[in-house]
Amino acid sequence: MYDRILLPTDGSEGVDRAIDHAIDAANRYDATLHVLYVVDSGVVNAYSGDEFVDGSEGAEETLEERGREALESVSDHAADAGVETVTKLVYGDPHEEILRYIDGNDIDLTVMGSKTRSGNYRRMLGSVTERVSRQSTAPVSIVKTTIPE
């Protein structure tokens, strides 16, 4: 049923349960797990360079490093479960890049984490997961995680 499963990750604790679900699904269906990290160009472009960010590095290098670590962590976890992975780090608007990856790689299922937050926060900022689930041409499985406030 599923040959290619996508797990977009931002390296945060809210995606932990989604990682387990994605690896389990890939294992069950003998699918390849694609793991995607998007360096948010909005964050990179908003950084003036004057603030202290992770030593002497700028926002771009910090986000790249976080992305490489997140991809490696998921890939290692999947390898321990015997799941083949493809990892990719890209730049852009997160929901747009995820949708582009889904279409460009014939993804059969996308597994995404979603942090449960208060209604005002969610209404004000929106959610990458919500945008992807509404606009994706393929099924999206949302794994909710409650983050203590």
Side-chain angles (χ1 to χ4, degrees), residues 2-26 31-78 83-149:
Y2 302 120
D3 294 322
R4 290 165 301 282
I5 297 173
L6 173 62
L7 173 73
T9 182
D10 63 2
S12 69
E13 98 181 55
V15 80
D16 289 348
R17 289 187 60 225
I19 292 169
D20 293 336
H21 280 264
I23 290 172
D24 182 59
T32 300
L33 179 62
H34 292 246
V35 187
L36 178 67
Y37 183 93
V38 181
V39 176
D40 189 336
S41 58
V43 172
V44 171
N45 293 336
Y47 174 65
S48 69
D50 295 334
E51 295 88 8
F52 178 83
V53 178
D54 197 23
S56 61
E57 297 179 342
E60 184 173 352
E61 292 81 11
T62 301
L63 291 172
E64 273 185 25
E65 181 61 27
R66 181 176 181 177
R68 283 191 294 274
E69 289 171 1
L71 292 172
E72 183 179 343
S73 174
V74 174
S75 183
D76 289 348
H77 190 56
V83 172
E84 177 186 348
T85 59
V86 173
T87 61
K88 182 85 174 182
L89 185 140
V90 298
Y91 287 81
D93 181 273
H95 85 276
E96 290 174 2
E97 293 304 322
I98 293 166
L99 291 166
R100 184 174 289 117
Y101 193 92
I102 290 168
D103 291 338
N105 293 277
D106 296 321
I107 297 299
D108 302 306
L109 172 69
T110 301
V111 178
M112 298 185 73
S114 178
K115 300 174 196 88
T116 303
R117 294 200 168 111
S118 69
N120 288 336
Y121 177 87
R122 190 171 279 309
R123 277 192 296 275
M124 183 175 64
L125 295 179
S127 164
V128 171
T129 300
E130 288 174 320
R131 289 177 184 156
V132 170
S133 69
R134 282 195 318 264
Q135 297 176 34
S136 178
T137 56
V140 177
S141 177
I142 300 171
V143 181
K144 292 187 177 192
T145 300
T146 303
I147 304 297
E149 294 183 22

Quick one: does [X]'s side chain get under 4.5 Å of [Y]'s, heavy atoms only?
X    : Y   : result
E72  : E69 : no
N105 : V86 : no
D3   : T32 : no
T87  : Y37 : no
L99  : H95 : yes

Rounded to the nearest 0.5 Å, how far apart are [atom1] of [X] and [atom2] of [Y]?
X   : Y    : atom1 : atom2 : answer
L36 : R100 : CG    : CZ    : 11.0 Å
D24 : I19  : CG    : CD1   : 13.5 Å
L89 : E65  : CG    : CD    : 10.5 Å

Has [X] got a side-chain atom pairing as donor or acceptor with [Y]'s backbone, closer than 3.5 angstrom?
X   : Y    : answer
R17 : K144 : yes
T9  : L71  : no
R4  : D106 : yes
D10 : S12  : yes

Non-hydrogen atoms of [X] and [Y] that approach each other most closely:
X    : Y    : result
L109 : I107 : O-CG2, 3.2 Å
G92  : V38  : O-CG1, 3.5 Å
G11  : A70  : CA-CB, 3.8 Å
V128 : P94  : CG2-CB, 4.0 Å
P8   : I98  : CB-CD1, 3.7 Å
L33  : L7   : CD1-CB, 4.1 Å

Pairing residues for H34 by the ring pair (Phe, Tyr, Trp, His ring centres under 6.0 Å) criterion, not counting sequence neighbours: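 So H34 forms a ring pair (Phe, Tyr, Trp, His ring centres under 6.0 Å) with Y101.
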For T85, all residues meeting side-chain hydrogen bond (donor to acceptor under 3.5 Å, both in side chains), sequence neighbours excluded: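 Only S75 meet the side-chain hydrogen bond (donor to acceptor under 3.5 Å, both in side chains) criterion with T85.
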Pairs touching residues 132-141 that satisfy side-chain hydrogen bond (donor to acceptor under 3.5 Å, both in side chains), sequence neighbours left out: D103-T137
